[in-house]
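The figures that follow rest on heavy atoms only: side chains count, while hydrogens, waters and symmetry mates do not.
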Amino acid sequence: MDKLTEYKQIAPKIVEEVAGLSPMIENGVENQLITDDEHGHYLYFGVGWTKINSGWTYASFIHIDVKPDGKVWLQHDGTDLRIAEKLQKYGIPKSDIVIGFQAPAVRPYLEGYAVA
């Protein structure tokens, strides 16, 4: 199995794990799981109006992209689960993981992770 296919199998597993930790609807906010194997996008986020204060919520819990070049971009980690470490635990080497939410100037200092 090529690494792109493998990474597209790993990313949704992690996003689904995160989704499994919270209810699909919470205080009027619907949590949505999006997996798009064709384009390599995997995310879990909440969207909706809260019943408590009628405030609009649009918040990402986790967002991972698997790019055609075989790099896995961690675009957002709104959890305390250390998603970059989970990606490694499932077999993706640091050298293929880009911490996308870190500025490009900072990435060279993230030991072992890809810069882009």
Would you please test Val72 and Leu87 for side-chain contact (heavy atoms from CB on, under 4.5 Å) and show each step? CA-CA 9 Å; Val72 177; Leu87 290 165; 4.1 Å; yes
Test side-chain contact (heavy atoms from CB on, under 4.5 Å) on Tyr42 and Val66; report intermediate values, then the result. CA-CA 8 Å; Tyr42 307 92; Val66 178; 3.9 Å; yes
Could you go through Lys8 and Asp37, starting from their C-alpha distance and side-chain angles, then the distance that decides it, and tell me whether this counts as salt bridge (charged side-chain N to carboxylate O under 4.0 Å, His left out)? CA-CA 6 Å; Lys8 285 185 175 183; Asp37 289 329; over 6 Å; no
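Using modelled atom types, one side-chain atom of Asp36 and one backbone atom of Glu38 make a donor-acceptor pair closer than 3.5 Å. At distances below 3.5 Å, not a single donor-acceptor pair connects side-chain atoms of Arg107 with backbone N or O atoms of Ala116. Side-chain N or O atoms of Thr50 include one that pairs as donor or acceptor with a backbone N or O of Gly55 at under 3.5 Å. A donor-acceptor pair under 3.5 Å links the side-chain atoms of Lys94 to the main chain of Glu111, judged by distance alone.
Expressed to the nearest 0.5 Å, how far CG of Leu81 lies from CD1 of Ile62 amounts to 8.0 Å. Put simply, CG on Asp77 and CG on Leu74 are 5.5 Å apart, with the number rounded to the nearest 0.5 Å. Put simply, NE2 on His76 and NE2 on His63 are 10.5 Å apart, with the number rounded to the nearest 0.5 Å. With rounding to the nearest 0.5 Å, the separation of CZ in Arg82 from NZ in Lys89 is 13.0 Å.
Screening Val115, Ile92, Val98 for a side chain to side chain contact (heavy atoms under 4.5 Å, CB included) involving Lys71 leaves a single residue, Val98.
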Run the side-chain donor-acceptor check on residues 10-28: report pairs under 3.5 Å with partners two or more places apart or on a different chain.
unit_1 : atom_1 : unit_2 : atom_2 : d
Glu17  : OE1    : Lys86  : NZ     : 3.0
Glu17  : OE2    : Tyr90  : OH     : 2.1
Ser22  : OG     : Tyr44  : OH     : 2.8

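Residues Asp96 and Tyr7 have side chains that bring a donor and an acceptor to within less than 3.5 angstrom of each other.
When all heavy atoms are compared, the tightest approach of Ser95 to Ala114 is O-CB, 3.3 Å. Across all non-hydrogen atoms, the minimal contact from Ala84 to Ile99 is CB-CD1, 3.8 Å.
Between Asn31 and Phe61 the shortest side-chain heavy-atom distance falls below 4.5 Å. Residues Ile83 and Ile64 meet the side-chain proximity criterion, which asks for heavy atoms closer than 4.5 Å.
Alongside Trp56, the hydrophobic cluster contains Ile34, Leu43, Phe45, Val47, Trp49, Tyr58 (criterion: ILVMFWY side chains under 4.5 Å).
For residues 93-116, the set of pairs meeting the ring pair (Phe, Tyr, Trp, His ring centres under 6.0 Å) definition, not counting sequence neighbours, is empty.
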